[in-house]
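Working notes for the structure below.
Chain letters run A, B, ... following the sequence lines, proteins first and then strands; every chain starts at 1.
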There are 2 protein chains.
Amino acid sequence: MVIQYAILGLLSRQPLAGYDLKKLFAEAETLYWSGNSNQIYRMLVKLHKDNFVTQEVHQQEDAPARKVYTITQAGKEALLTWLQTPPELPQVRNHFMLQLTWASQLNDADLEKLLTLYEEELRVKQMMIREQLQRDKGLAENLGNSRSRLLESRITERWLDYYAHELAWVQDLRQEIL
Amino acid sequence: MVIQYAILGLLSRQPLAGYDLKKLFAEAETLYWSGNSNQIYRMLVKLHKDNFVTQEVHQQEDAPARKVYTITQAGKEALLTWLQTPPELPQVRNHFMLQLTWASQLNDADLEKLLTLYEEELRVKQMMIREQLQRDKGLAENLGNSRSRLLESRITERWLDYYAHELAWVQDLRQEIL
DNA sequence: GCCGACATGTAATGGGTTACATGATTTA
DNA sequence: TAAATCATGTAACCCATTACATGTCGGC
């Protein structure tokens with residue numbers, strides 16, 4: 001139940017409504033959740049029941065009511081405990097690599113097409129992360145302490161580096177086999 | 001249903017029993033499946049029903065009977081069709097990165113411990129891939145054509161490169177923040 | 001006598017996704 | 001008038017995992 005801590009983490013910065021969380025997950029290029037409402041709203045109910053968050057209903061005139069959630073002391077402690085749990089290795093599920101494993105069965109044209117499409121997707125993803133980085137820059141400048149800002153920027157750099165290497169690798173491969 | 005094509009791919013090389021597939025998935029460091037029997041045996045039944053594989057029961061005296069599956073022409077065509085489908089971006093689920101996002105809430109000792117544990121896991125994984133590479137080398141030398149051997153080695157290199165970069169990145173980070 | 005390898009399978013559960021449902025307001 | 005945004009939530013489904021169930025054989 002990792003999403004639980006992702007939510008607690010976001011709430012540790014500022015109180016948020018389910019809708020806000022949903023958008024944050026959907027927009028975040030480096031978080032892998034789709035931002036589907038099922039998981040989020042259910043988890044918020046659970047977190048509330050566990051007293052990890054408090055709920056405040058904000059009535060609005062021009063829009064539906066917002067349920068704003070604030071992290072509690074117990075919630076902060078749960079987050080801190082999770083931060084101390086031994087890290088797991090990344091789970092990389094690369095469909096393309098699987099295709100490539102058997103791709104010698106393709107003719108040259110189809111193989112090249114496969115590589116080209118993958119390269120394009122990688123470039124699009126790269127651009128999206130770069131754009132998100134630009135958007136976040138303005139907002140995050142004064143948020144958190146210097147260490148958290150440093151971590152955040154190093155993490156984004158790592159993601160960009162990953163996609164850059166993946167791209168360079170495919171391009172090399174193309175050169176070599178076609 | 002990606003595992004379907006992973007199975008068909010393996011069967012396109014040689015006929016195999018469910019037990020063989022289970023072991024292959026469990027051992028393969030770069031395939032992300034656990035090799036659990038539920039998925040595999042169910043999928044084999046389905047593939048058989050779809051006429052993508054044929055089943056042959058091999059009775060043995062000293063061990064239980066093996067159900068050996070062989071890919072059919074229809075199965076080969078299904079595999080080929082899948083190979084031509086547009087590739088998807090890798091889904092990287094990195095729990096550690098999530099922890100790190102909020103890790104500025106940890107004290108120096110705990111943060112360092114987190115980094116150290118991650119580094120260790122990365123090194124173990126690296127070694128396991130290298131060992132698998134050694135094991136496979138002997139077996140694969142005469143298997144498949146030269147293009148498939150080239151693809152396979154480039155894919156393994158890419159995985160090793162990924163873990164190497166991840167490791168180098170954590171080490172840099174440690175230097176910078178501690 | 002227990003453990004691991006061989007070999008096939010089922011049950012229960014967890015985690016995540018898409019699609020659906022509702023209903024108001026703003027924008028093209 | 002159709003759509004998108006705001007806001008919360010439910011239903012159905014799929015994929016994957018762990019644990020369980022069964023039975024034989026060989027080695028320590």
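Under a hydrophobic clustering in which Ile, Leu, Val, Met, Phe, Trp and Tyr are joined whenever their side-chain heavy atoms come within less than 4.5 Å, directly or via other members, B:Trp169 and B:Leu117 fall into different clusters.
Between A:Ile40 atom CD1 and D:dC6 atom C1' the separation is 15 Å, expressed in whole Å. Rounded to whole angstrom, the span from the CZ atom of A:Arg66 across to the P atom of D:dC6 amounts to 10 Å. Taking atom CG of residue A:Leu16 and atom C1' of nucleotide D:dA7, one finds them 14 Å apart after rounding to whole Å. Rounded to whole Å, atom P of D:dG23 lies 18 Å from atom OH of B:Tyr19. Taking atom NZ on B:Lys23 and atom P on C:dA7, their separation rounds to 8 Å, with Å as the unit. We find that CD of A:Gln39 is positioned 16 Å from P of D:dG9, with the value rounded to whole Å. Taking atom CD on A:Gln59 and atom C1' on D:dC6, their separation rounds to 14 Å, with Å as the unit. Remark: C1' of C:dG16 and CD1 of A:Ile7 are 13 Å apart, rounded to the nearest angstrom.
Between B:Gln60 and C:dA7 there is a side-chain polar atom (N or O) within less than 4.0 angstrom of OP1 or OP2.
Residue A:Tyr32 is classed as a sugar-phosphate contact, given heavy-atom separations below 4.0 Å to backbone atoms only. When heavy atoms are screened at a 4.0 angstrom cut-off, B:Lys22 is found touching base atoms of the nucleic acid.
Of the residues near DNA chain C, B:Gln55 and A:Met1, the one whose nearest nucleotide (by heavy atom distance) lies more toward the 5' end is B:Gln55. With the nearest nucleotide of DNA chain C identified for both B:Val68 and A:Ser34, B:Val68 has the one nearer the 5' end.
The aromatic rings of B:Trp82 and B:Tyr5 sit parallel, their planes meeting at an angle under 30°, below the 60° perpendicular limit. Classified by interplanar angle (parallel below 30°, tilted 30° to 60°, perpendicular above 60°), the ring pair A:Tyr162/A:Trp159 is perpendicular.
Summarising the local packing, CD of A:Gln60 is surrounded by more than 12 heavy atoms from other residues, nucleotides or ligands at distances under 6.0 Å.
Side chains of A:Asn38 and A:Arg42: a donor on one and an acceptor on the other come within 3.5 Å.
Comparing C:dT10, C:dT18, D:dA7 against the side chain of A:Asn36 picks out C:dT18 as the nearest.
A donor-acceptor contact under 3.5 Å is formed by the side chain of A:Ser37 with the base of D:dG9.
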